[in-house]
Protein chains: 2
Amino acid sequence: MATGRTHRPATRSRGIPEATVARLPLYLRALTALSERSVPTVSSEELAAAAGVNSAKLRKDFSYLGSYGTRGVGYDVEYLVYQISRELGLTQDWPVVIVGIGNLGAALAGYGGFASRGFRVAALIDADPAMTGKPVAGIPVQHSDDLEKIIEEDGVSIGVIATPAGVAQQVCDRLVAAGVTSILNFAPTVLSVPDGVDVRKVDLSIELQILAFHEQRKAGEESNAEADAAVDAETATAVAPPAPRGATGGSRKGPDGDVPAVMPA
Amino acid sequence: MATGRTHRPATRSRGIPEATVARLPLYLRALTALSERSVPTVSSEELAAAAGVNSAKLRKDFSYLGSYGTRGVGYDVEYLVYQISRELGLTQDWPVVIVGIGNLGAALAGYGGFASRGFRVAALIDADPAMTGKPVAGIPVQHSDDLEKIIEEDGVSIGVIATPAGVAQQVCDRLVAAGVTSILNFAPTVLSVPDGVDVRKVDLSIELQILAFHEQRKAGEESNAEADAAVDAETATAVAPPAPRGATGGSRKGPDGDVPAVMPA
DNA sequence: ATGTCTTTGTGAACGCGTGCACAAAGATGG
DNA sequence: CCATCTTTGTGCACGCGTTCACAAAGACAT
Ligand SMILES: NC(=O)c1ccc[n+]([C@@H]2O[C@H](COP(=O)([O-])OP(=O)(O)OC[C@H]3O[C@@H](n4cnc5c(N)ncnc54)[C@H](O)[C@@H]3O)[C@@H](O)[C@H]2O)c1
Ligand SMILES: NC(=O)c1ccc[n+]([C@@H]2O[C@H](COP(=O)([O-])OP(=O)(O)OC[C@H]3O[C@@H](n4cnc5c(N)ncnc54)[C@H](O)[C@@H]3O)[C@@H](O)[C@H]2O)c1
């Protein structure tokens with residue numbers, strides 16, 4: 001059969017690459033700071049430096065939004081702030097529910113960055129009856145029995161999951177069934193959702209593990225040539241006698257192996 | 001996903017593409033769950049489903065680590081758990097400091113996922129004298145005056161920043177100067193660091209804005225064209241006129257209460 | 001052993017994202 | 001009005017990441 005074009009289903013609707021979308025909030029933040037300092041215009045070079053990206057990339061990103069710059073001058077800060085805000089949908093109010101008001105959920109509830117960009121905490125939801133009615137960050141916690149009602153009444157389309165991982169999928173299912181179509185997941189689980197629902201995850205554990213990988217590589221690079229691991233001032237704190245990082249065969253044990261006595265992270 | 005990167009183009013990391021590294025923790029989590037259920041082996045298809053990725057991608061990822069599978073059978077769960085752990089550097093102990101023990105920092109300090117994979121909270125650091133000595137999650141908070149000493153004594157190479165955005169860069173500078181070479185940043189700021197230091201960021205606000213973008217697109221898919229144009233015209237007249245220089249400092253008005261001229265989100 | 005069946009490991013094609021380099025556009029000054 | 005200078009917008013090439021598709025490898029039964 002014609003191996004060809006029957007690929008991408010949708011989501012690729014014309015315009016604005018995903019990578020660009022992910023950078024727009026970054027530009028917006030830098031532009032907002034400039035706006036507060038009453039800076040009228042900014043060049044791609046300056047703004048790119050502030051946002052920590054390549055200036056050509058920034059210009060190309062903006063070109064997807066239209067031609068909002070003036071050659072020889074740069075971009076009008078105020079105008080660009082508005083255009084990006086509009087493109088991101090921040091000119092409207094987004095009610096958000098947070099489910100799971102534990103340590104993390106409570107911190108999120110009180111987070112200023114939530115309210116600052118058109119996101120409004122519409123409700124805090126927890127399954128613990130002892131929490132019900134208790135105000136967290138000035139907002140009374142509601143019981144999860146009322147989840148569907150809350151979402152429907154407030155027209156919530158964005159949900160934040162901060163429950164334990166074990167119940168995240170069922171919480172997710174209820175949110176989706178109730179009409180939520182965007183989910184930000186803090187629980188360390190892979191959520192499965194129907195088409196048309198977006199899920200983004202924030203996973204502390206994964207970030208740390210990625211850092212550890214590079215950290216290990218840095219440490220191993222100094223004592224690279226041979227095994228002169230004597231100089232590891234930093235990593236010398238390692239307590240375990242890790243498998244000598246030799247060739248692949250150096251596994252300390254076979255299939256029986258040591259599971260590093262851990263829980264699902 | 002939340003990925004901040006200050007990237008080195010130099011891909012001499014002995015293979016293993018960055019995208020693969022980012023997925024290894026995901027595989028590891030799924031494998032650990034299988035291990036706890038005493039599942040001996042798993043096929044790429046099953047594991048890929050559990051991790052939410054394409055099976056061919058998973059096999060290719062594993063191929064960078066070596067040939068740990070058995071054709072016709074699959075992968076040995078225990079063995080793979082060990083190999084990935086070793087590759088990620090999780091077979092050794094990583095002391096971590098958390099700087100900024102506010103709402104978020106406290107939640108992080110008590111987070112189980114920290115300790116579960118070889119990461120150990122070596123110290124909690126805060127600039128508020130009132131916090132000093134106060135135990136958070138069982139760990140006494142230390143004053144930031146002692147930051148350098150703590151890092152040096154414990155051989156800390158990974159730091160977590162959970163301070164307000166305004167001080168994040170200077171905290172970062174101190175951490176780096178003291179010897180930290182990997183930073184996980186929760187503050188909504190672009191951190192600049194010297195070569196050799198890795199920074200990853202977790203940015204709630206950005207994630208929400210990305211969700212809002214897609215959410216808006218979903219909503220606007222039914223009735224888009226004209227509303228868009230109308231808003232555009234209205235805006236052009238409201239904002240576009242040559243910027244009154246000093247005047248913009250106070251309030252700007254847009255169609256609806258508009259872009260909050262608030263703190264960096 | 002030999003055949004069959006399952007699943008790995010990877011070659012190859014393709015699409016996306018990135019960054020260079022430069023022409024065009026417009027501002028600014030004479 | 002013309003010359004010069006600044007900065008945008010983008011064509012283009014390149015490399016990374018993803019996915020398909022399939023031969024080879026090995027398990028297992030006979
Ligand atoms: N604390 C952190 O720093 C941190 C960091 C990263 C990820 N996480 C993840 O975030 C999640 C929450 O972490 P935490 O430290 O706040 O845990 P927590 O135990 O303090 O809070 C969990 C809350 O969820 C509630 N809950 C349980 N089941 C529920 C349900 N079915 N519906 C609604 N609410 C329910 C509980 O009553 C509790 O209040 C966990 O999955 C954790 O792995 C936490
Ligand atoms: N709370 C959240 O859910 C959340 C979510 C995403 C991002 N953030 C970001 O994380 C950071 C912390 O958020 P928070 O809600 O915990 O704020 P917070 O105000 O509760 O805590 C900040 C803490 O940092 C300490 N601090 C200030 N300056 C310091 C310094 N120089 N050295 C060491 N410590 C210092 C303060 O004493 C305070 O305890 C902020 O940048 C915030 O934008 C928070």
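Below, each value reflects all heavy atoms present in this structure, side chains not excepted, and no hydrogens, waters or symmetry copies. Only a predicted model underlies this, so the values are computations on that prediction, with no experimental measurement involved. Letters go in sequence order (proteins before strands), and every chain restarts at 1.
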- Item | Protein-nucleotide distance (A/L65, atom CG; D/dG9, atom C1'), rounded to Å | 13 Å

- Message: Looking at A/W94 and A/G89, would you say the former's side chain and the latter's main chain have a donor-acceptor pair under 3.5 Å?
- Response: yes

- Is the distance from OP1 or OP2 of D/dT6 to the nearest side-chain N or O of A/Y75 less than 4.0 Å? no

- Item | Presence of salt bridge, A/D203 and B/R29, under 4.0 angstrom | yes

- Is a side-chain N or O of B/E87 found less than 3.5 angstrom from the main chain of B/L65, in a donor-acceptor match? no

- For A/L58 and D/dT10, give me the distance from atom CG to atom P, rounded to whole Å. 14 Å

- Message: Which heavy atom of A/I206 sits nearest to which heavy atom of B/P25, and what is that distance?
- Response: CG1-CB, 3.8 Å

- Query: What do the steps show when you test A/C172 against A/I161 for side chain to side chain contact (heavy atoms under 4.5 Å, CB included), and what is the final call?
  - Reply: CA-CA 8 Å; A/C172 172; A/I161 296 179; 3.8 Å; yes

- Item | Shortest non-hydrogen separation from B/D61 to B/R23 and the atoms involved | OD2-NE, 2.7 Å

- Does anything in residues 38-51 of chain B reach DNA chain C, meaning a heavy atom under 4.0 Å, and if so which residues? B/S43, B/S44

- Query: Donor-acceptor pair, B/T20 side chain versus B/I16 backbone, under 3.5 Å?
  - Reply: no

I'd like a list of close polar pairs between nucleotides 18-21 of chain C and the protein, N/O only, cut-off under 3.5 Å.
from	atom 1	to	atom 2	distance (Å)
C/dT18	OP1	A/R23	NH1	3.1
C/dT18	OP2	A/R23	NH1	3.1
C/dT18	OP2	A/R23	NH2	2.9
C/dG19	OP2	A/K57	NZ	3.1
C/dG19	O6	A/K60	NZ	2.5
C/dA21	N6	A/R59	NH2	3.4

- Message: Please list all pairs meeting salt bridge (charged side-chain N to carboxylate O under 4.0 Å, His left out) that have one or both residues in residues 43-58 of chain B, counting only residues at least two apart or in different chains.
- Response: none

- Task: Test ring-ring contact (aromatic ring centres under 6.0 Å, His included) on B/Y79 and B/Y68 and set out the steps.
- Result: CA-CA 8 Å; B/Y79 187 59; B/Y68 295 147; 5.3 Å; yes

- Task: Check A/D198, A/V176, A/I158 against A/I183 for a side-chain contact (heavy atoms from CB on, under 4.5 Å) and give me the one that passes.
- Result: A/V176

- Message: What's A/S55 touching, base or sugar-phosphate or nothing? Going by heavy atoms closer than 4.0 Å.
- Response: nothing

- Task: Heavy atoms only: give me the nearest B/S55-B/S44 pair and the separation to one decimal.
- Result: CB-O, 3.9 Å

- Message: Restricting to salt bridge (charged side-chain N to carboxylate O under 4.0 Å, His left out), what partner residues turn up for A/R59, sequence neighbours left out?
- Response: none

- Message: Does the protein touch nucleotides 24-30 of chain C at the base, only the backbone, or not at all? Give it as B, S and - per nucleotide, heavy atoms under 4.0 Å.
- Response: BB-S---

- For the residue pair A/L204 and B/L184, establish whether any side-chain heavy-atom pair is separated by less than 4.5 Å. yes

- Task: Would you work out how much the helix from C/dA1-D/dT30 to C/dG30-D/dC1 bends between its ends, with each end axis defined by five base pairs, to 10 degrees?
- Result: 10°

